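Take a look at the structure below.
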Amino acid sequence: MTETEVLIIGGGPAGSTLARALRRAGKDVAVMDKAEFPRDKVCAGWVTPAVFEELEIDLEDYARGRVLQPIHGFRTGRIGQRQVQSDFSGEPASYGIRRFEFDHYLLQRSGAELLLGQALETMRRETGGWLVNDSVRARLVVGAGGHFCPVARFTGAKGPGETAVAAQEIEFEMNPQQRAECRVDGDVPELYFTTDLKGYGWVFRKGDYLNIGLGREDKHRLSAHVEAFRDYLAGIGRIPRDLPGKFKGHAYLLYPHACRPPVADGVVLIGDAAGLAYAQSGEGIRPAVESALLAAGVILGCGGDYSAQRLQPYTEALEARFGKRGTRAVETGRLASQARQLLAGWLLKSRWFSRNFLVSRWFLHQQDKPLPVPAAQAHGNHFY
Ligand SMILES: Cc1cc2nc3c(=O)[nH]c(=O)nc-3n(C[C@H](O)[C@H](O)[C@H](O)COP(=O)(O)OP(=O)(O)OC[C@H]3O[C@@H](n4cnc5c(N)ncnc54)[C@H](O)[C@@H]3O)c2cc1C
């Protein structure tokens, strides 16, 4: 029997960030993940600089033996149309990582007890906490298991009724011939919006690795969309014709569309388990990390009482950071979607719009300052 105060289900960026923040404040923490690490995660691996700052990652140290692709521009446009390039001089506007390496690095340094290769199967309430898989006792269980996190049902998540983004991706190390055929620049990823504007595809070269994918708000015939996109890219000579292996799929919820309550008695949801990805870009790593930092502050302030009432400030902290769900945020989402339909045709051809709105605001979120680093929480026990 493992006894711990906080059991985190899922060792992705959300889980490892929370584990590290709580361990630094002296809490007893275990992370359970169904996978052994390092493990692959279906993702383009595009990370904004705010994430590295919030995680206090020394870029030089990280880059030793791992892929860290600096990004100095983006090419954007609609499939079948001319692309517009937005350049960012000076410091990199973003980075490309491989989730296989990134998630392993974060989990290893978290300092938590690791229960890897173990899926959460059962979770029963007992006095003072939870009994998980009949083998782990914990006062608080944190759901950080991504979109399909089983802990989410304990806060009332509906599951099948939710509208999720469905996406498929392939990532592989290019051989010399594929490298020669690939015309995508490492520091300028390419984004291609679908003609109905219900999603976008990407091509992202990270060192010798190539990542290609496409996500849509409508999962109907997703594989056909992905296949057509792949053929289009090969046809215009951007990617090699022979791709090894198949595209892999996954899903996530956009923040305005998610309706999962983030807390219940003895339960907190963070990251994709709570449905936090940014509406415009689908970026989910930054919200996952930030939700973990916000949750850490609240958990530390609970003084060991993990009732829903004591955990409620986490819901408020999420709303303060990401907006209120179901009201203005959704309206803004609807307006944005109508505006997208009407204006996108010509806006996407505008260099000014592409750089200042599409890339800087909607994709890079440069208007949002990074959250303060977790060291402050260790001393202050406050939430942001
Ligand atoms: C195709 C695609 C491309 C994307 N590209 C980007 C991108 O470029 N940049 C970006 O910011 N975001 C991207 N996202 C979103 C991003 O991947 C997620 O938002 C992010 O991984 C969320 O982190 P997390 O820690 O909440 O969950 P995850 O990273 O999903 O981690 C969850 C962990 O929980 C474990 N787990 C699941 N179920 C159980 C269980 N029952 N028991 C135990 N463990 C369990 C899993 O093994 C996993 O390790 C992309 C998503 C997709 C689908």
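Owing to the predicted nature of the structure, the values given are computational and were not obtained by experimental measurement. Every heavy atom of this structure was used, including side-chain atoms; hydrogens, water molecules and symmetry mates were not. Each ligand, and each atom within it, is numbered from 1 in the order the structure gives.
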>> Strictly distance-based, threshold 3.5 Å: is any side-chain N or O of Arg66 a donor or acceptor partner for the main-chain N or O of Tyr62?
In response: yes
> Should you measure from each heavy atom of His250, which atoms of ligand 1 turn up under 4.0 Å away?
Replying inline: 53 (C)
>> Under 6.0 Å from the ring centre and within 45 degrees of the ring axis: does the NZ or CZ of Arg125 meet both conditions for the six-membered ring of Trp130?
In response: yes
> Counting both backbone and side chain atoms, is some N or O of Gly45 under 3.5 Å from an N or O of ligand 1?
Replying inline: yes
>> When you measure from the heavy atoms of Gly215 to every atom of ligand 1, does any distance fall below 4.0 Å?
In response: no
> For atom 39 (C) of ligand 1, what's the nearest protein heavy atom and its distance?
Replying inline: Lys34 CD, 3.8 Å
>> For atom 13 (C) of ligand 1, what's the nearest protein heavy-atom neighbour? Residue, atom name and distance, please.
In response: Cys43 SG, 3.5 Å
>> At under 4.0 Å between heavy atoms, is it the side chain or the backbone of Glu121 that contacts ligand 1, or both, or neither?
In response: neither
>> Is the distance between the ring centroids of Phe363 and Phe74 under 6.0 Å?
In response: no
> Can you tell me which residue and heavy atom of the protein come closest to atom 11 (O) of ligand 1, and the distance to 0.1 Å?
Replying inline: Ile285 N, 2.9 Å
> Lys27 pairs by side-chain contact (heavy atoms from CB on, under 4.5 Å) with which of Leu18, Leu140, Leu22?
Replying inline: Leu22
>> Students should be able to answer this: which protein heavy-atom is nearest to atom 16 (C) of ligand 1, and at what distance?
In response: Arg99 NH1, 3.9 Å
> Going by the order shown, which atoms of ligand 1 are within less than 4.0 Å of some heavy atom of Leu120?
Replying inline: 40 (C), 41 (N), 42 (N), 43 (C)
>> Regarding Trp46 and Ser94, do their side chains bring together a donor and an acceptor under 3.5 Å, going by distance alone?
In response: yes
>> Closer than 3.5 angstrom, by distance alone: can the side chain of Thr122 be matched with the main-chain N or O of Asn133 as a donor-acceptor pair?
In response: yes
>> On the six-membered ring of Phe102, is Arg99 placed so that its NZ or CZ lies under 6.0 angstrom from the centre and within 45° of the ring axis?
In response: no
>> Could you list the cluster mates of Phe100? Members are the ILVMFWY residues connected by side-chain heavy atoms closer than 4.5 Å, either directly or through other members.
In response: none
> With a 4.0 Å heavy-atom cut-off (strictly under), which part of Phe148 contacts ligand 1: side chain, backbone, both or neither?
Replying inline: neither
> Can an N or O of Glu169 be found at a distance shorter than 3.5 Å from an N or O of ligand 1?
Replying inline: no
> What residues form a side chain to side chain contact (heavy atoms under 4.5 Å, CB included) with Gln83, not counting sequence neighbours?
Replying inline: Arg75, Glu190, Tyr192
> Can you find a pair of side-chain heavy atoms, one from Gln118 and one from Asp33, that are under 4.5 Å apart?
Replying inline: no
>> So for ligand 1, is Ala14 a polar contact partner (N or O within less than 3.5 Å, distance only)?
In response: yes
> Do Gln85 and Val188 come close enough that some side-chain heavy atom pair is under 4.5 Å?
Replying inline: yes
> Where does the angle between the aromatic ring planes of Tyr200 and Phe193 fall among parallel (under 30°), tilted (30 to 60°) and perpendicular (over 60°)?
Replying inline: tilted
>> Between Arg321 and Glu290, does any NZ, NE, NH1 or NH2 come within less than 4.0 Å of an OD or OE carboxylate oxygen?
In response: yes
> Does a side-chain N-to-carboxylate-O contact under 4.0 Å join Glu319 and Arg325?
Replying inline: no
>> Give me the residue, atom name and distance of the protein heavy atom closest to atom 49 (O) of ligand 1.
In response: Asp33 OD2, 2.6 Å
> Going by the atom numbers of ligand 1, which of them fall below 4.0 Å from some non-hydrogen atom of Asp272?
Replying inline: 18 (C), 19 (O), 20 (C), 22 (C), 26 (O)
> atom 8 (O) of ligand 1: which protein heavy atom is closest, and how many Å away?
Replying inline: Trp46 N, 3.0 Å
>> So for His147, does at least one of its heavy atoms come nearer than 4.0 angstrom to any atom of ligand 1?
In response: no
> Which atoms of ligand 1 are found less than 4.0 Å from any heavy atom of Ile9?
Replying inline: 42 (N), 43 (C)
> Which atoms from ligand 1 have a heavy atom of Arg39 less than 4.0 Å away?
Replying inline: 31 (O), 48 (C), 49 (O)
> In the protein, what heavy atom is nearest to atom 41 (N) of ligand 1, and what distance, to one decimal place, separates them?
Replying inline: Pro150 CG, 3.4 Å
>> Does the Lys NZ or Arg CZ of Arg286 fall within the cation-pi geometry relative to Tyr278 - under 6.0 Å from the ring centre and within 45° of the axis?
In response: no
> Can you list the atoms of ligand 1 that are under 4.0 Å from a heavy atom of Ala144?
Replying inline: 32 (C), 33 (C), 34 (O)
> Counting heavy atoms only, which part of Trp202 comes closer than 4.0 Å to ligand 1: side chain, backbone, both or neither?
Replying inline: side chain
>> Would Gly271 count as being in polar contact with ligand 1, using the rule that some N or O on each side must be under 3.5 angstrom apart?
In response: no
> Do any N/O atoms on Gly284 end up under 3.5 angstrom from N/O atoms on ligand 1?
Replying inline: yes
>> Tell me the protein heavy atom at minimum distance from atom 27 (O) of ligand 1, and give that distance in Å.
In response: Gly146 CA, 3.6 Å
> Looking at Ala44, which atoms of ligand 1 are within less than 4.0 Å of one of its heavy atoms?
Replying inline: 3 (C), 4 (C), 5 (N), 6 (C), 8 (O)
>> I'd like to check which ligand 1 atoms, numbered from 1 as shown, lie under 4.0 Å from a non-hydrogen atom of Gln118.
In response: 43 (C)
